[in-house]
J.: 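I am attaching a structure below and will ask some questions about it afterwards.
In what follows, every chain begins at residue 1, and chains take the letters A, B, ... in the order their sequences are listed.
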Protein chains: 2
Amino acid sequence: MIDVTDIEMVILGIVEKRGPCTPYFVRKQFEHSPSPHFSSSPGSIYPIIARLESKKWLLGRDDNTGKRNRKMYRISVAGRRALRKWLTPPLPRTAVGLTYDPLRVRMYFLNSLSPDEMTQFFDETIEQLQNELDRARRDLLNYDRQTDGFSWLAAKCGIKSLEARLRFMRDAASHVLTECDESTQVN
Amino acid sequence: MIDVTDIEMVILGIVEKRGPCTPYFVRKQFEHSPSPHFSSSPGSIYPIIARLESKKWLLGRDDNTGKRNRKMYRISVAGRRALRKWLTPPLPRTAVGLTYDPLRVRMYFLNSLSPDEMTQFFDETIEQLQNELDRARRDLLNYDRQTDGFSWLAAKCGIKSLEARLRFMRDAASHVLTECDESTQVN
DNA sequence: ACAGCCATGTAATCGGTTACATGATTGG
DNA sequence: CCAATCATGTAACCGATTACATGGCTGT
């Protein structure tokens, strides 16, 4: 019985940030997001928007300006209040503390691999990370820092995070692999 | 219908890493983990261990050596194979790409706050981050780098990640707040 | 004509968690 | 003796996702 979920607040935030919009538009925002965390499928978005409407945080009305049958949603005062509450410290520890990192958790179990497989692990993930970083840097160019300052900032934050992981993996690779060399020499 | 979930592999990995153990022991590992991502409650752990047993990746047997009624689980050959497959590149994009960061996503919506509230946001989260970092650094001392190299490495990775986030938040704070000052002066 | 996008929604499922429930052992 | 910890498990729930289903509009 959690108060609010992150995906609820993200959807609410999108409507607040981009102004009144359709569920379809929200869906596209998720689809084009560089972060793959949330699904952009209709079955994921529509029920949550319905929930937000039942909480009276989003107000929906049928929009018949065009020919198409579509529904516009705008944020309510209560919705804005909920969003600001979610943004206001103190944030829950789960929001500030260690985030979940699938790479980190794999590293924890890496001694289940042979030295050769470890080498492969580091080589390939470093390359994949480099690709992700390149992509993120290209994405950053899509944001206009002047008009969309916080989108730019969040994107930059993602890049910094990827950079840190890449740096760590490079360091770890050289440490782990030289240690393996040493033990090979001893044997 | 996902092949395997991360929590399954983490439990499998713990049994592989620490040797045959009880569900209770696995539970305590989660409980004492610095990463709060997975729940350590019985209702979370026991069903997953049962699932792993039904997949024949874990083999359980009643252990009556002591007085207590407990069940020991060990990893099977197939289990070890599954674990190594999970660790072997190419990893899924979701494992290598941008991880979900509750702080980053909040930053994306930060223009919903007033300048004062933004200041508060940065000040308090920076302090919370510093606390988390201190805690993580203390935790690192519990790992013996020699005997438990990859546990140490993973912990270090978590620290590096926290450091990167803290650095970013400090930078962002000064940038955002000086910009606010400028617009105040202009008005 | 028809592919592809706009646009909306539902049903079934799935994985995980909370809350509940039980009892034995151990240390102070 | 009593609190804390060891130790196991189940039932109900919950939120999110996949897969399914429908139909109109648009550009080629």
J.: Please confirm whether the shortest side-chain N or O distance from A:S39 to OP1 or OP2 of D:dT18 is below 4.0 Å.
T.: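 For A:S39, the contact criterion (side-chain N or O under 4.0 Å from OP1 or OP2 of D:dT18) is met.
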J.: Among residues two or more places apart or on two chains, list those pairs meeting salt bridge (Lys or Arg N to Asp or Glu O under 4.0 Å) that have a residue in residues 113-128 of chain A.
T.: A:E117-B:R84
J.: Write down the distance between CZ (A:F25) and C1' (C:dC6), rounded to a whole number of angstrom.
T.: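 Going from CZ in A:F25 over to C1' in C:dC6 covers 14 Å.
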J.: Could you give the side-chain donor-acceptor pairs of residues 34-46 of chain B under 3.5 Å, partners two or more places apart or in another chain?
T.:
from	atom 1	to	atom 2	distance (Å)
B:S39	OG	B:S41	N	3.1
B:S39	OG	B:S41	OG	3.0

J.: Taking DNA chain D as the partner, which of residues 52-60 of chain A come within under 4.0 angstrom of it by heavy atom?
T.: none
J.: Of all residues at least two apart in sequence or in a different chain, which pass the side chain to side chain donor-acceptor pair (under 3.5 Å) check with B:N131?
T.: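 B:N131 satisfies side chain to side chain donor-acceptor pair (under 3.5 Å) with no other residue.
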J.: CZ of A:F30 versus C1' of D:dA16: gap in Å, rounded?
T.: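 A:F30 atom CZ is separated from D:dA16 atom C1' by 12 Å.
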J.: Please list, chain by chain and in numerical order, all residues satisfying salt bridge (Lys or Arg N to Asp or Glu O under 4.0 Å) with A:R74, sequence neighbours excluded.
T.: none
J.: Taking only nitrogen or oxygen atoms into account, show me every contact under 3.5 Å that the protein makes with nucleotides 9-12 of chain D, one pair per line with its distance.
T.:
from	atom 1	to	atom 2	distance (Å)
D:dT10	O4	B:G43	N	3.4

J.: Would you please name every residue forming a side chain to side chain donor-acceptor pair (under 3.5 Å) with A:D101, sequence neighbours left out?
T.: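 If we apply the side chain to side chain donor-acceptor pair (under 3.5 Å) test to A:D101, skipping adjacent residues, the hits are A:R165.
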J.: For a quick test of your reading: what N or O donor-acceptor pairs under 3.5 Å do the side chains of residues 137-144 of chain B make, sequence neighbours left out?
T.:
from	atom 1	to	atom 2	distance (Å)
B:R137	NH2	B:E163	OE2	2.7
B:D144	OD1	B:Q146	N	3.1
B:D144	OD2	B:T147	OG1	3.2

J.: Can you list, in residue-number order, the parts of residues 4-19 of chain B that come under 4.0 Å of DNA chain C, counting heavy atoms only?
T.: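 B:T5, B:I7 - these, ordered by number, are the residues of the stretch whose heavy atoms sit under 4.0 Å from the strand.
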J.: With sequence neighbours left out, what residues match B:R170 under side chain to side chain donor-acceptor pair (under 3.5 Å)?
T.: B:Q130
J.: If I take atom CD in residue B:E31 and atom P in nucleotide C:dT18, what distance separates them, rounded to the nearest angstrom?
T.: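 Spelled out: CD on B:E31 to P on C:dT18 is 12 Å.
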J.: Verify the contact: side-chain N or O of B:R51 to OP1 or OP2 of C:dG16, cut-off strictly under 4.0 Å; return yes or no.
T.: yes
J.: Nearest whole Å is fine: how far is C:dA24 C1' from B:D63 CG?
T.: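 Whole-Å distance recorded here is 15 Å.
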J.: Measure the distance from CG on A:D3 to C1' on C:dT18 and round it to the nearest whole Å.
T.: 16 Å
J.: Once salt bridge (Lys or Arg N to Asp or Glu O under 4.0 Å) is applied, what residue pairs with a partner in residues 26-38 of chain B remain, sequence neighbours excluded?
T.: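 Counting only pairs at least two positions apart or across chains, the salt bridge (Lys or Arg N to Asp or Glu O under 4.0 Å) contacts touching residues 26-38 of chain B are B:K28-B:E31.
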J.: Taking atom P of C:dA7 as reference, at what distance in whole Å does atom CD1 of A:I49 sit?
T.: 13 Å
J.: Please identify each residue that fulfils side chain to side chain donor-acceptor pair (under 3.5 Å) with B:R51, with sequence neighbours left out.
T.: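 So B:R51 forms a side chain to side chain donor-acceptor pair (under 3.5 Å) with B:E8.
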J.: What is the distance, to the nearest angstrom, from the CE atom on A:M72 to the P atom on C:dA7?
T.: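 For the pair A:M72 CE and C:dA7 P, the rounded distance is 10 Å.
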J.: Without swapping roles, check the side chain of B:E132 against the backbone of A:L98 for a donor-acceptor pair under 3.5 Å.
T.: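 Pair absent, no side-chain N/O of B:E132 close to backbone of A:L98.
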J.: Without decimals, in angstroms, what is the distance between B:I45 CD1 and C:dT18 P?
T.: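 Whole-Å distance recorded here is 11 Å.
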J.: So which of A:L83, A:V4, A:I11, A:I75 actually passes side chain to side chain contact (heavy atoms under 4.5 Å, CB included) with A:W57?
T.: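 Exactly one option meets the side chain to side chain contact (heavy atoms under 4.5 Å, CB included) with A:W57, and it is A:V4.
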